[in-house]
Amino acid sequence: MEQAQLQKSSVKEGVLDAVKIGFGESYFSAFGIFLQGSALQIGPLSTLPPLIGAICNSLGVWLMELLSHRRKLIGNCIRAQAIILLPLPLLPFLFENKAESLPWIIALICLYQMTIGSIAPVWNSWIGDLISGDRRGQFFGFRTKCMAIATFISLVVAGQVLHLFQYLEFPAIGFAVCFVIA
């Protein structure tokens, strides 16, 4: 694949990742509040997964040195993210007391963040090889702009979805729709 096509693919991937952030990650804490989580549950829900994800950057470096195919590793981590998010909207329906699902949600989101942390150094290494040094600033500026716009639009649309389902008195379905889109 030529470099221009790889750059276009990377921008598309970034926009799709931004949609995942806008519909999913941005509403994890709101989901915990909807589930009537206590402050002692919402705190770890908001802080523990990103911490674990950051620690997993080292895991990503180790995996990159161990495995020779960065693209395959990234693809597997992205598939794992999708699989991890699938049961998230089902958990409120599995427990009589919604707040009892919070430990499971925290665990799933920690696993989800582990995949993100593992991908980051591998993706940075890979994209650094694909984008020449003289074009990196322009490329990443454009990619970041596209991602910021996609995140904002996704965040607003997801908020409207949640508002609509709250109005219809089915807020759990609203979260499910958002997480499935993510």
Side-chain angles (χ1 to χ4, degrees), residues 6-7 9-33 35 37 41-91 101-131 136 139-155 157-159 175-182:
L6 287 169
Q7 290 175 2
S9 294
S10 176
V11 171
K12 289 176 187 175
E13 173 269 329
V15 167
L16 291 173
D17 190 59
V19 170
K20 177 191 71 165
I21 292 167
F23 273 93
E25 292 176 35
S26 298
Y27 288 100
F28 288 161
S29 293
F31 189 51
I33 292 168
L35 296 173
Q41 291 172 316
I42 302 300
L45 175 64
S46 300
T47 57
L48 189 60
L51 174 65
I52 290 173
I55 292 169
C56 283
N57 276 271
S58 299
L59 176 63
V61 171
W62 178 76
L63 286 171
M64 186 171 54
E65 291 174 359
L66 183 68
L67 306 170
S68 59
H69 298 286
R70 293 176 291 189
R71 182 178 177 182
K72 185 183 258 187
L73 177 60
I74 291 168
N76 287 336
C77 284
I78 290 171
R79 279 187 281 285
Q81 285 177 14
I83 291 167
I84 290 165
L85 282 179
L86 283 177
L88 201 61
L90 301 175
L91 288 173
S101 64
L102 260 295
W104 292 98
I105 290 169
I106 292 169
L108 283 173
I109 295 173
C110 283
L111 286 172
Y112 172 80
Q113 287 290 346
M114 287 174 71
T115 64
I116 292 172
S118 298
I119 287 174
V122 180
W123 187 87
N124 288 333
S125 169
W126 187 36
I127 203 74
D129 289 347
L130 297 176
I131 308 298
R136 281 189 193 138
F139 168 75
F140 282 112
F142 177 73
R143 185 177 187 275
T144 301
K145 178 178 73 174
C146 293
M147 288 178 67
I149 292 168
T151 301
F152 178 75
I153 292 169
S154 299
L155 190 65
V157 171
F175 280 105
V177 167
C178 289
F179 293 150
V180 166
I181 291 171

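Values below: all heavy atoms of this structure, side chains included; hydrogens, waters and symmetry mates excluded. For clarity, every value in this text was computed on a predicted model and none was experimentally measured.
Side-chain contact between Phe23 and Ser154: present, with at least one pair of heavy atoms (C-beta onward) separated by less than 4.5 Å. Using a 4.5 Å heavy-atom cutoff, the side chains of Ile116 and Lys20 are in contact. Under the 4.5 Å side-chain criterion, counting only non-hydrogen atoms from C-beta, Leu51 is not in contact with Thr47.
Once rounded to the nearest 0.5 Å, the distance linking CD1 of Ile55 with SG of Cys110 reads 10.0 Å. Once rounded to the nearest 0.5 Å, the distance linking CG of Asn76 with CD1 of Ile83 reads 9.5 Å. Rounding to the nearest 0.5 Å places OG1 of Thr144 at 11.0 Å from CD1 of Ile149. Here the CD1 atom belonging to Ile131 is positioned 8.0 Å from the CZ atom belonging to Arg136, to the nearest 0.5 angstrom. Taking CG of Leu35 as the reference point, atom CD1 of Ile105 lies at 4.5 Å (rounded to 0.5 Å). The distance from the OG atom of Ser101 to the CD atom of Gln41 is 8.5 Å, given to the nearest 0.5 Å.
Smallest separation of non-hydrogen atoms from Ala150 and Ala18: CB-CB, 3.7 Å. Closest non-hydrogen pair, Ser10 versus Phe139, comes out as OG-CZ, 3.4 Å. Nearest heavy atoms, Gly60 versus Val122: O-CG2, 3.5 Å. Between Gln81 and Ile119 the shortest heavy-atom distance is NE2-CD1, 3.5 Å. Ser118 and Cys77 get closest at one heavy-atom pair: CB-SG, 4.3 Å. Annotation for Arg70 and Ser125: closest pair NH1-OG, 2.7 Å, computed over non-hydrogen atoms.
Here the rule is side-chain contact (heavy atoms from CB on, under 4.5 Å) with Phe31, and of Leu88, Leu45, Ile42, Leu102 only Leu88 fits it.
The ring of Phe28 has its center closer than 6.0 angstrom to the ring center of Tyr112.
The number of heavy atoms from other shown groups lying within 6.0 Å of CE (Met147) is above 12.
Remark: side-chain polar atoms of Ser26 are paired, donor with acceptor, to backbone N or O of Ile21 under 3.5 angstrom. Looking only at distances, no side-chain donor or acceptor of Tyr27 sits under 3.5 Å from a matching main-chain atom of Phe179. Within the 3.5 Å criterion, the main-chain N or O of Trp126 finds no donor-acceptor partner in the side chain of Asp129.
A salt bridge links Arg143 with Glu13: the distance from a Lys NZ or Arg NE/NH1/NH2 to an Asp or Glu carboxylate oxygen falls below 4.0 Å.
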